[in-house]
Amino acid sequence: MTRFIQGSDRSQVTLLPECLDDFIAQDNTVRVVDAFIGELDMVAMGFEGAMPALTGRPSYHPSVLLKVYLYGYLNRIQSSRRLERECQRNLELMWLTGRLAPDFKTIADFRRDNGKGIRNVCRRFVLLCRELKLFTQAVVTIDGSKFKAVNNRERNYTPGKIERRERELEESIQHYLDALDTADRTQPIDLQAKTERLQGKIHKMRQRMQELQAIKAQLETQPDRQLSQSDPDARAMTTHSMKGTAMVGYNVQTAVDTKNHLIVAHEVTNTGSDRAQLSKLALAAREAMGKAKLKAIADRGYYSGIELKECEDAGIAAVVPKPMTSSAKAGGRFDKGDFIYIARDDEYLCPAGQRAIHRFSREEDGLLIHVYWSSACIGCAIKAQCTPSSYRRIRRWEHETVMETVQKRLDRMPNAMTVRKSTIEHVFGTLKHWMGWTHFLTRGMENVSTEMSLNVLAYNFKRAISILGITRMMKAMRMVGA
């Protein structure tokens, strides 16, 4: 054993450093955490208990508990019970808190009761990154990803699920009733025991049928006809990785800076679709980055005429590909892109060289739509390649020039989707890896939003340290309280 590195004798008296500070290196991340939170105005941030009460038992200062949480999320320790244990044995946390060891309920209550303050701290760190000139390009990518909630799929109900489960229960009840009839006819030796067992199963299934009826009544009161029993705000959402099934969770929307991959804006939603999220995230990102103009890149799931127009009106240059959903193209016929719009004459030039003129306008789903067609369709030689109807009708939204502008912008940036994927997919992958298989630990939109803000704050904190280094970050923290 003498050829191996030997440990010290456990009973040997040692001369340890006299103070905790000697255990913490000058380039340790906890020093940056301490400097950042130490300079925050906890009252202005909206934290409860920042001003001590005149009577009663003294409480922990919010900055102490915020340090515990930020340290925990930086080190993938999100559970309040695990944080309680770390406060009692982790030298870095002892140094950070001054050897205070709050219990798990105090830690959990702080996260639950100070959502507003935690979200403000997350936004304050983004502003700090802006002051450090980390957002120089004014280009962001926007995307959403599904995160699991504390709600099993079996405890999420929709009318379709209720109907399917009722049908399965009815089939099972009939199966056991048939088994009872068979037992009566054959009269086996253990007839009584078997009959009691089958009747017990039938009773349980009928009870379950009654429960489903009660759940169905609750579903009628839900605006979206969906009910989650563990986390009322969670919703079943389809995902690319779980084809044919749905994840019960939340759709987390983020806007990520393309240069330094910092999350500049985020929002937790329980809407499975990204269709109506583009302008909201883009405006929040522009405000956070302090830019007059912004370029926002998103995938085809965000393509919406109304959203694109709102971005254009706000001075945000959206880059979003159009979904490939043309039924004409799928059938081997000309699609709308093969018709050239002539703005001067308000007409379309068809592939056969004929003019499709404006015929009438009407409102569809709240949008003003203009309809065009050509009188030459009847005798057209290539009509079979165009439409099976008498005339090829072309529909145009009154603000379709916005969508054409977006397409031209995308044509000038052919690598836009590569930039989007290489920027934001890594961010979501990192966050989900940190959060673990269960993702969220809390329940309810408010608490889940707070939990996500802590994850985003920890992610941005690590990214900023990686970009600037400990020394520059320590100097930058002095700017926070100014």
Colleague: Can you tell me how far the SG atom of Cys87 sits from the CD atom of Glu84, to the nearest 0.5 Å?
Modeller: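 Answer rounded to 0.5 Å: 8.0 Å.
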
Colleague: Taking CZ in Arg81 as the centre, count heavy atoms belonging to other residues, nucleotides or ligands within less than 6.0 Å. Is the count above 12?
Modeller: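 No.
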
Colleague: Please determine whether the number of non-hydrogen atoms from other residues, nucleotides or ligands lying under 6.0 Å from atom CD of Glu163 exceeds 12.
Modeller: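 No, not enclosed.
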
Colleague: Drop me the distance from Leu308's CG to Ile316's CD1, to the nearest 0.5 angstrom.
Modeller: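 Between Leu308 CG and Ile316 CD1, I get 11.5 Å after rounding to 0.5 Å.
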
Colleague: Indicate whether the side chain of His370 and that of Ser361 have a donor and an acceptor atom separated by less than 3.5 Å.
Modeller: yes

Colleague: Checking side-chain contact (heavy atoms from CB on, under 4.5 Å) against Tyr73, which of Leu454, Leu457, Val456 comes through?
Modeller: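 Looking at Leu454, Leu457, Val456, the match for Tyr73 under the side-chain contact (heavy atoms from CB on, under 4.5 Å) is Leu454.
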
Colleague: Taking C-beta and beyond as the side chain, do Val268 and Phe147 meet within less than 4.5 Å on heavy atoms?
Modeller: no

Colleague: Using side-chain heavy atoms (C-beta onward) and a distance below 4.5 Å, is Thr271 in contact with Asn251?
Modeller: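 Thr271 does not reach Asn251 side chain to side chain.
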
Colleague: Quick check: are there more than 12 heavy atoms from other residues, nucleotides or ligands sitting under 6.0 Å from CZ of Arg99?
Modeller: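 Counting neighbours around CZ of Arg99, 12 or fewer heavy atoms of other residues, nucleotides or ligands fall under 6.0 Å, so no.
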
Colleague: For the residue pair Arg396 and Thr401, establish whether any side-chain heavy-atom pair is separated by less than 4.5 Å.
Modeller: yes

Colleague: Check Tyr250 against Asp233 and note the closest heavy-atom contact, atom names and distance.
Modeller: OH-CB, 3.3 Å

Colleague: Just do the salt bridge (charged side-chain N to carboxylate O under 4.0 Å, His left out) check on Arg165 and Glu154 with the steps written out, would you?
Modeller: CA-CA 11 Å; Arg165 291 182 186 179; Glu154 297 300 315; 3.3 Å; yes

Colleague: Is there a donor-acceptor pair under 3.5 Å between the side chain of Gln78 and the backbone N or O of Trp434?
Modeller: yes

Colleague: Return yes if some donor-acceptor pair links the side-chain N/O of Asn90 with the main-chain N/O of Leu93 below 3.5 Å, else return no.
Modeller: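 At least one qualifying donor-acceptor pair exists.
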
Colleague: In sequence, state the C-alpha distance, the side-chain angles, and the governing distance for Phe104 and Leu83, and then conclude on side-chain contact (heavy atoms from CB on, under 4.5 Å).
Modeller: CA-CA 7 Å; Phe104 75 90; Leu83 284 171; over 6 Å; no

Colleague: Answer yes or no: are there more than 12 heavy-atom neighbours, outside Leu219 itself, under 6.0 Å from its atom CG?
Modeller: yes

Colleague: Would you find a donor on one side and an acceptor on the other, under 3.5 Å apart, between the side chain of Ser63 and the backbone of Gly38?
Modeller: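 Answer holds: no.
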
Colleague: Check this for me: does any side-chain nitrogen of one of Arg123 and Glu287 sit under 4.0 Å from a carboxylate oxygen of the other?
Modeller: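 A salt bridge is absent here (no side-chain N lies under 4.0 Å from a carboxylate O).
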
Colleague: Determine, stepwise, if the pair Ile465 / Lys462 fulfils side-chain contact (heavy atoms from CB on, under 4.5 Å).
Modeller: CA-CA 5 Å; Ile465 290 175; Lys462 278 195 174 184; 5.9 Å; no

Colleague: Kindly indicate, with the supporting measurements, whether the criterion side-chain hydrogen bond (donor to acceptor under 3.5 Å, both in side chains) is fulfilled by Asp274 and Gln253.
Modeller: CA-CA 8 Å; Asp274 297 331; Gln253 299 286 319; 2.8 Å; yes

Colleague: Quick check against the 3.5 Å criterion: does Arg111 have a side-chain atom that pairs as donor or acceptor with the backbone of Asn447?
Modeller: no

Colleague: Any heavy-atom pair between the side chains of Met474 and Thr471 that's under 4.5 Å?
Modeller: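 No; the side chains remain at least 4.5 Å from each other.
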
Colleague: Is there side-chain contact between Val406 and Lys322, with heavy atoms separated by less than 4.5 Å?
Modeller: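 Contact flag for Val406/Lys322 side chains = no.
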
Colleague: Mind checking the CD-CG spacing from Glu86 to Leu96? Nearest 0.5 Å is all I need.
Modeller: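 One gets 12.5 Å once the value is rounded to the nearest 0.5 Å.
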
Colleague: Please lay out, stage by stage, how Arg112 and Thr442 fare under the test side-chain contact (heavy atoms from CB on, under 4.5 Å).
Modeller: CA-CA 9 Å; Arg112 183 196 64 202; Thr442 56; over 6 Å; no

Colleague: Can you give me the closest heavy-atom contact between Ser453 and Cys122, atom names plus distance?
Modeller: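 Shortest heavy-atom contact: O-SG, 3.7 Å.
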
Colleague: Indicate the atoms forming the closest heavy-atom contact of Ala288 with Val264, along with that distance.
Modeller: CB-O, 3.4 Å

Colleague: Does CZ belonging to Arg472 count more than 12 external heavy atoms closer than 6.0 Å?
Modeller: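 Atom CZ in Arg472 is not packed in, count stays at 12 or less.
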
Colleague: For Cys311 and Ser279, work out which heavy atoms get closest and say how close.
Modeller: SG-CA, 3.7 Å

Colleague: Using a cut-off of 6.0 Å, state whether more than 12 heavy atoms not belonging to Lys336 lie near its atom NZ.
Modeller: yes

Colleague: So does Lys295 have more than 12 non-hydrogen atoms from other groups sitting under 6.0 Å from NZ?
Modeller: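 Counting neighbours around NZ of Lys295, 12 or fewer heavy atoms of other residues, nucleotides or ligands fall under 6.0 Å, so no.
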
Colleague: Are Arg130 and Phe135 in a cation-pi setup, meaning NZ or CZ lies under 6.0 angstrom from the ring centre and within 45 degrees of the ring axis?
Modeller: no

Colleague: Looking at NZ of Lys280 and CD1 of Ile142, how far apart are the two atoms once the value is rounded to the nearest 0.5 Å?
Modeller: 11.5 Å

Colleague: Between the side chains of Thr106 and Asp103, does any donor sit under 3.5 Å from an acceptor?
Modeller: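 Judged by distance alone, the side chains do pair up.
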
Colleague: Quick check for you: to the nearest 0.5 Å, what is the distance between Lys259 atom NZ and Thr136 atom OG1?
Modeller: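 Answer for the NZ-OG1 pair, Lys259 versus Thr136, is 3.0 Å.
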
Colleague: So which of Arg409, Met417, Lys421 actually passes side-chain contact (heavy atoms from CB on, under 4.5 Å) with Ile297?
Modeller: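 For Ile297, the side-chain contact (heavy atoms from CB on, under 4.5 Å) test succeeds with only one of Arg409, Met417, Lys421, which is Met417.
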
Colleague: Would Lys408 and Asp411 pass as an ion pair if we require N to O under 4.0 Å?
Modeller: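 Result for this pair is no, no salt bridge flagged.
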
Colleague: Are any side-chain N or O atoms of Asp257 and backbone N or O atoms of Asn260, one a donor and one an acceptor, separated by less than 3.5 Å?
Modeller: yes

Colleague: Going by heavy atoms in the side chains, are Gln26 and Arg31 under 4.5 Å from each other?
Modeller: yes

Colleague: Would you say the side chain of Glu307 lies within less than 4.5 Å of the side chain of Val320, judging by non-hydrogen atoms?
Modeller: no

Colleague: Show the numbers, then the answer: is there a side-chain contact (heavy atoms from CB on, under 4.5 Å) between Leu281 and Tyr302?
Modeller: CA-CA 11 Å; Leu281 259 292; Tyr302 287 86; over 6 Å; no

Colleague: What distance do Glu39 atom CD and Asp34 atom CG have between them, rounded to the nearest 0.5 Å?
Modeller: 9.5 Å

Colleague: Please output the side-chain donor-acceptor pairs of residues 337-345 that fall under 3.5 Å, not counting sequence neighbours, one pair per line with the distance.
Modeller:
from   : atom 1 : to     : atom 2 : distance (Å)
Asp338 : OD2    : Asp335 : N      : 3.0
Tyr341 : OH     : Asp346 : OD1    : 2.6
Asp345 : OD2    : Arg355 : NH1    : 3.2

Colleague: Minimum heavy-atom separation for Lys291 and Ala138, please, with both atom names.
Modeller: CG-CB, 3.8 Å

Colleague: Heavy atoms only: give me the nearest Pro62-Phe47 pair and the separation to one decimal.
Modeller: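 Closest approach of Pro62 to Phe47, heavy atoms only: CB-CB, 4.0 Å.
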
Colleague: Assess whether a salt bridge exists between Glu446 and Arg119, defined as any Lys/Arg side-chain N lying under 4.0 Å from an Asp/Glu carboxylate O.
Modeller: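 Judged by the 4.0 Å cut-off on N to carboxylate O distance, Glu446 and Arg119 do form a salt bridge.
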
Colleague: Can Asp231 and Lys148 be counted as an ion pair, charged N to O under 4.0 angstrom?
Modeller: no

Colleague: Report yes if some heavy atom in the side chain of Asn455 is under 4.5 Å from a heavy atom in the side chain of Glu451; otherwise report no.
Modeller: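 Sidechains of Glu451 and Asn455: in contact.
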
Colleague: Under the 3.5 angstrom rule, does the side chain of Asp299 hit a backbone N or O of Gly301 as a donor-acceptor pair?
Modeller: yes

Colleague: Tell me whether Tyr69 contacts the main-chain N or O of Ile107 through its side chain, where contact means a donor paired with an acceptor under 3.5 Å.
Modeller: yes

Colleague: Side chain of Arg76, backbone of Gly436: donor and acceptor closer than 3.5 Å?
Modeller: no

Colleague: I'd like to know if Lys309 and Glu398 make a salt bridge, using a cut-off of under 4.0 Å between side-chain N and carboxylate O.
Modeller: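 Glu398 and Lys309: not salt-bridged.
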
Colleague: Could you tell me whether the side chain of Gln88 and the main chain of Ala101 form a donor-acceptor pair under 3.5 Å?
Modeller: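 Side chain of Gln88 to backbone of Ala101, a donor-acceptor pair under 3.5 Å: no, none is there.
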
Colleague: Do the side chain of Arg395 and the main chain of Val371 share a donor and acceptor less than 3.5 angstrom apart?
Modeller: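 Not a single qualifying donor-acceptor pair exists.
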
